[in-house]
Amino acid sequence: EGVKIISDKFPLTYYFTSYTTYIQHGIIVRSLVKSKINIYSSGNLQQRFKKIESSDIYHTAHYHNYFSDFQSLNNTNEKLALSRKMLSDKFSGKIDIALSYMKQSSFSQNSSSISPEVSKFDGILFLHDFFDSPHIYGNLLFEDFYEWVIHTIKLISKHNLNIAIKPHPNQVHASEIVIRNLKSEFPSIKWIEPQVSNIAIVNSGIKFGVSVYGTVLHELAYHGIHAICAGDNPHSSYPFIHNPKSINEYDSMLIHFDQLVMVDDYKNQVESFYYMHNINNVNELDIELDSINDFNITNSSSKIIKQILPVL
């Protein structure tokens, strides 16, 4: 109601936001999207601005057709080669655009080395920050990250699965408290320190990894390791991940991981995905950003420029 009062008093043509998740962003966007206001988000790393529609209220990029869209591009071999080089840099410890928020690369060569005990696990559950937004890509098999973890821990215990859990290395303090409580509640579960390098993990001999929607999915697949997700995610149009459509199917994949089959051209598919998600940027706002490089608030009367300026 408060949003409606403001929009009625100050008629808006454009509304610019970072995210469309979290209470402070999501409520406003969901209220305004019903009107004729042009809503643009700058909350993903694939687009400068994404137009928010009632049919797509997510600030994340349009990923549903990545696989088919890549096939329609020209010079695909050159694009794959570019992705290959960037992935090589990523696995050598450089932080790429998709992980620009990270304090340290999860593939850092200086991270803790993996212990012989950890190398005996069949799979790793890669956790998210419990206080991050779980529904940025759409549907999940579970209500949130916590329900996902609790369900998976109980599955591990019930079937004595040889799976360890790695907390997110960039989680907030409140999420660390949740981890401590989980360790206390489920003392038989094995844990890996969040600082352990993923390069050590992918070289440890694990057969599969699990994440709701994380970048670790394509990172695992590129190394020939089965990647199991638990909801809609940027990789969803590609068969190099295992994308269960129900909780029962999810459970079956973890229990019977040895029956999973990897596609033959998984490296090319990951390189294709990487190009579409990290290189093939799209802007949905018709404005030439180069033309406003020297812009400042005192030399322009453009109302739209003044609205865009704070998010450039």
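As the structure is a computational prediction, the values presented were derived from the model and not from experiment. This chain uses plain numbering: 1 for the first residue, then up along the sequence. The figures that follow rest on heavy atoms only: side chains count, while hydrogens, waters and symmetry mates do not.
- D129 and S175 get closest at one heavy-atom pair: OD1-CB, 3.4 Å.
- The shortest distance between side-chain heavy atoms of P244 and C229 falls below 4.5 Å.
- Within a 6.0 Å radius of CD in E143, no more than 12 heavy atoms belonging to other residues, nucleotides or ligands are found.
- In this structure the side chain of L254 reaches within 4.5 angstrom of the side chain of I228, judged on heavy atoms.
- Between K50 and D56 a salt bridge is recorded (basic side-chain N to carboxylate O distance below 4.0 Å).
- Proximity of V178 to Y146: side-chain heavy atoms (C-beta onward) are separated by under 4.5 Å at one or more points.
- Each of H235, H277, H218 was compared with Y66 under the ring pair (Phe, Tyr, Trp, His ring centres under 6.0 Å) criterion, and only H277 meets it.
- Between the side chain of D144 and the main chain of E147, a donor-acceptor pair closer than 3.5 Å is present.
- Atoms CZ and NE2, from F131 and H173 in turn, are 10.0 Å apart once rounded to the nearest 0.5 Å.
- Cluster annotation: I177 is not connected to I153 through the hydrophobic network of ILVMFWY side chains, with a link wherever side-chain heavy atoms come within less than 4.5 Å.
- Y63 pairs in a ring pair (Phe, Tyr, Trp, His ring centres under 6.0 Å) with only one of the listed residues (Y137, Y238, Y58), which is Y137.
- When atom types are taken as modelled, the side chain of N38 and the backbone of Y15 share no donor-acceptor pair closer than 3.5 angstrom.
- Using a 4.5 Å heavy-atom cutoff, the side chains of P134 and V212 are not in contact.
- Shortest non-hydrogen contact noted between K79 and N74 is NZ-O, 2.7 Å.
- Atom-to-atom distance recorded for K90:NZ and I199:CD1 is 11.0 Å, nearest 0.5 angstrom.
- Between the side chain of K166 and the main chain of I201, no donor-acceptor pair closer than 3.5 Å is present.
- Distance check, rounded to the nearest 0.5 Å: NZ of K245 to CG of L141 gives 9.0 Å.
- Inter-residue side-chain proximity for N198 and E219 is flagged as met; some heavy-atom pair is nearer than 4.5 Å.
- In this structure, N162 CG and D122 CG are separated by 4.0 Å, a value rounded to the nearest 0.5 Å.
- Distance check, rounded to the nearest 0.5 Å: CD1 of I192 to OG of S204 gives 7.5 Å.
- In this structure, Y40 and F49 have perpendicular ring planes: the angle between them is above 60°, well past the 30° mark.
- Across M276 and N280, no two heavy atoms sit closer than the pair CE-ND2, 3.5 Å.
- Aromatic pair Y213/H128: centroids less than 6.0 angstrom apart.
- Proximity of a side-chain donor or acceptor of S92 to a complementary backbone N or O of D89 within less than 3.5 Å is detected.
- Under the 3.5 Å distance criterion, the side-chain polar atoms of S246 are matched with a main-chain donor or acceptor of E249.
- Pairs passing the salt bridge (Lys or Arg N to Asp or Glu O under 4.0 Å) check and including a residue from residues 257-281, sequence neighbours excluded, read R84-E271.
- Within 6.0 Å of NZ in K183 there are more than 12 heavy atoms belonging to other residues, nucleotides or ligands.
- Distance alone, capped at 3.5 Å, is enough to place a donor-acceptor pair between the Q71 side chain and the F67 backbone.
- Not counting sequence neighbours, the partners of H135 by the side chain to side chain contact (heavy atoms under 4.5 Å, CB included) test are L140.
- Ring pair F145/F130: centre-to-centre distance not below 6.0 Å.
- A pairwise comparison of heavy atoms in L220 and A227 identifies CB-CB, 4.3 Å as the closest pair.
- For the residue pair H59 and S18, no side-chain donor N or O sits within less than 3.5 Å of a side-chain acceptor on the partner.
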Go through the steps for F142 and I247 under the test side chain to side chain contact (heavy atoms under 4.5 Å, CB included), then give the verdict. CA-CA 8 Å; F142 303 89; I247 293 178; 3.7 Å; yes
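- Checked by atom type and distance alone, the side chain of S42 never pairs as donor or acceptor with a backbone atom of R48 at under 3.5 Å.
- Applying the 4.5 Å side-chain rule to ILVMFWY residues, one finds Y19 in the same cluster as Y22.
- With hydrogens and angles ignored, the 3.5 Å screen pairs a side-chain donor or acceptor of T20 with a backbone N or O of I57.
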Check step by step if side chain to side chain donor-acceptor pair (under 3.5 Å) holds for D251 and H151. CA-CA 9 Å; D251 292 352; H151 175 89; 2.7 Å; yes
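- Closest heavy-atom contact between G43 and S41: N-OG, 3.1 Å.
- A distance-only check finds a donor-acceptor pair linking the side chain of S31 to the backbone of I27 [under 3.5 Å].
- Within the 4.5 Å cutoff, side-chain heavy atoms of S272 are placed close to those of L80.
- The two residues S236 and N243 come nearest to each other via the heavy atoms OG-ND2, 3.5 Å.
- Note that the CG atom of L260 and the CD1 atom of I225 stand 13.0 Å from one another [nearest 0.5 Å].
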Apply side chain to side chain contact (heavy atoms under 4.5 Å, CB included) to the pair F121 and I163, showing each step before the final yes or no. CA-CA 6 Å; F121 288 109; I163 298 174; 5.9 Å; no
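- Ring to ring, F91 and H223 are close: their centroids are under 6.0 angstrom apart.
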What's the verdict on side chain to side chain contact (heavy atoms under 4.5 Å, CB included) for N233 and L217, showing C-alpha distance, side-chain angles and the deciding distance? CA-CA 10 Å; N233 65 87; L217 292 169; 4.0 Å; yes
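- Although no hydrogens or angles enter the test, the distance criterion places a donor-acceptor pair under 3.5 Å between the side chain of D232 and the main chain of N139.
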Candidate pair T152 and V210, rule side chain to side chain contact (heavy atoms under 4.5 Å, CB included), full reasoning: CA-CA 10 Å; T152 307; V210 188; 5.8 Å; no
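- A 4.5 Å side-chain heavy-atom check between I189 and S157 finds at least one atom pair inside the cut-off.
- Counting heavy atoms from C-beta outward, I241 and H226 have side chains that stay 4.5 Å or more apart.
- The six-membered or imidazole ring of Y266 lies away from that of F240, with a centre-to-centre distance of 6.0 Å or more.
- Of the N and O atoms on the side chains of H168 and N170, not one donor lies less than 3.5 Å from an acceptor on the other residue.
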